[in-house]
Amino acid sequence: MTAKISIVGAGMTGSTTAHWLAEREIADLVLVDIVEGMPQGKALDLLEALPVIGRDVAVVGSNDFSATKGSEIVIITAGIPRKPGMSREDLLTTNAKIVGEATTSALKYSPDALFIILTNPLDTMAYLAMKTGKLPRERIVGQAGILDSARMRAFVALETGVSVENIACYVLGGHGDEMVPLTGRSNIAGIPLREYLPPDKLEAIVTRTRKGGGEIVSLLKTGSAYYAPAVAVAQMAEAILKDKHLIVPASAFLMGEYGLKDLFFGVPVQLGRNGMEKIVEYRLDADEMTALEKSAAAVKESITVLNSLVKI
Ligand code: APR
């Protein structure tokens, strides 16, 4: 394998990302964590699974960033997850320190890497990593939109009994409870959701999507979701390495798109070998734009808190 992907944070999301990526057989993998022995153990376990599914991928675990040297992609999942009753914003103080340090350490060994951020609060952590690493915006994206859209697709499938393959949903905005599921664009095999489902059912799906992460936190009690966030990251990494020019909802740094600037925000982006190639701008109606502005205000508030905590 010629490509190399490093995953910082070998906890639930990090190790599950490695799992989904190994199945895709697109790059050798490095897991880094501060807990002694843990990334090594998980890497070895995953490596030993690969003969069964016939994948030739090198998987290495380490407590030292030198193992990440020469990575094409660095994925940051290090940090604490939510516990019941916590918002993603409650993680900010702790995770800012971890993500800032992880970015600096990773860049030391892979100065040209592309970054995918998963640690929450997502949009703020992506902003911090970009500023800390002085990265051009093409080289850094945050994962949230594929996950939020997949949650909505899953709920629509549960409600309608239609295959998830026929269901296209688009969730934009910040990765918080103010996210914006675009019901006017989401559809089942081309039929707009608004025509397919009665308003009360659609509204229930929108609400459940917005609170989808919290629903899992309150069930798990000790942590947050990992299968779906991790597979979403794997899809982004694959789109980049295979230069697919895939358009997915993801958190990108805005410079005037959608009338917004100086924040990471969930928008449709095109991913290819050079990273974030393009931001796609939908023509939104007034209600959609109002909802996006409300969501952007929440992300801006989080950045203000970040700026009061760390100098970047
Ligand atoms: N460098 C490397 N790893 C670190 C560091 C660091 N400086 N600090 C913490 N970690 C590791 C922890 O040791 C732990 O193994 O990050 C890992 C996080 O794993 P989990 O606790 O299992 O959390 P996880 O569910 O993976 O969530 C991590 O991703 O989705 C987001 O909201 C979630 O912010 C959270 C993050």
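Just so you know, ligand 1 is whichever comes first in the structure, and atom 1 is the first atom listed for that ligand.
The side-chain tip of R139 does not point at the ring of F115 from less than 6.0 angstrom away and within 45° of straight on. For R185 and Y170, the positive end is not near the middle of the six-membered ring at less than 6.0 Å and at most 45° from its axis.
The heavy atom nearest to atom 26 (O) of ligand 1, out of those in T13, T17, D33, is found in T13.
Close N/O approach between P81 and ligand 1 is not found [any backbone or side-chain N/O within under 3.5 Å]. For E101, no nitrogen or oxygen atom sits less than 3.5 Å from a nitrogen or oxygen atom of ligand 1, counting backbone and side chain alike. On a distance-only criterion, N120 and ligand 1 share at least one N/O pair closer than 3.5 Å. Considering backbone and side-chain atoms alike, R82 places every N or O at 3.5 Å or more from each N or O of ligand 1. Considering backbone and side-chain N/O atoms, M12 comes within less than 3.5 Å of an N/O atom of ligand 1.
For atom 7 (N) of ligand 1, the closest non-hydrogen atom on the protein side is I98 CG2, 3.7 Å. Protein heavy atom closest to atom 19 (O) of ligand 1, with residue, atom name and distance, is G11 CA, 3.2 Å. Shortest contact from atom 31 (C) of ligand 1 to any protein heavy atom: L118 O, 3.4 Å. Among all protein heavy atoms, the one lying closest to atom 6 (C) of ligand 1 is I34 CG2, 3.7 Å. Counting only heavy atoms of the protein, atom 28 (C) of ligand 1 lies nearest to T77 O, 3.1 Å. Here the protein heavy atom with the shortest distance to atom 4 (C) of ligand 1 is A78 CB, 3.5 Å. In terms of protein heavy-atom proximity, atom 35 (C) of ligand 1 is nearest to I80 O, 3.3 Å.
D123 and S251 share a side-chain donor-acceptor pair at under 3.5 Å. Counting only N and O atoms by type, the side chains of T183 and R194 include a donor and acceptor under 3.5 Å apart. T124 and S302 share a donor-acceptor pair across their side chains, judged by distance under 3.5 Å alone. Using modelled atom types, one finds no donor on one side chain facing an acceptor on the other under 3.5 Å when comparing N120 with E89.
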Q: Could you give me the CA-CA distance, side-chain angles and deciding distance for Y109 and F65, then say whether ring pair (Phe, Tyr, Trp, His ring centres under 6.0 Å) is met?
A: CA-CA 7 Å; Y109 293 100; F65 276 87; 7.4 Å; no

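Under 4.0 Å from ligand 1, the heavy atoms of N95 that appear belong solely to its side chain.
Annotation for ligand 1: atoms under 4.0 Å from non-hydrogen atoms of V35 are 13 (O).
Ionic pairing of R137 and E257 is present here: one or more N-O contacts between side-chain nitrogen and carboxylate oxygen are shorter than 4.0 angstrom. Contact check on R208 versus E215 returns a salt bridge, with a Lys/Arg side-chain nitrogen under 4.0 Å from an Asp/Glu carboxylate oxygen.
Atoms NZ and CG, on K83 and D90 in that order, are 12.0 Å from each other to the nearest 0.5 Å.
Residue contacts with ligand 1: M38 is included, with a non-hydrogen atom under 4.0 Å away. The closest approach between L122 and ligand 1 stays at or above 4.0 Å for every heavy atom of the residue. Residue contact annotation: G79 has a non-hydrogen atom under 4.0 Å from ligand 1.
Taking the six-membered ring for Trp and thresholds of 30 and 60 degrees, F264 and F253 have ring planes inclined between 30 and 60 degrees apart.
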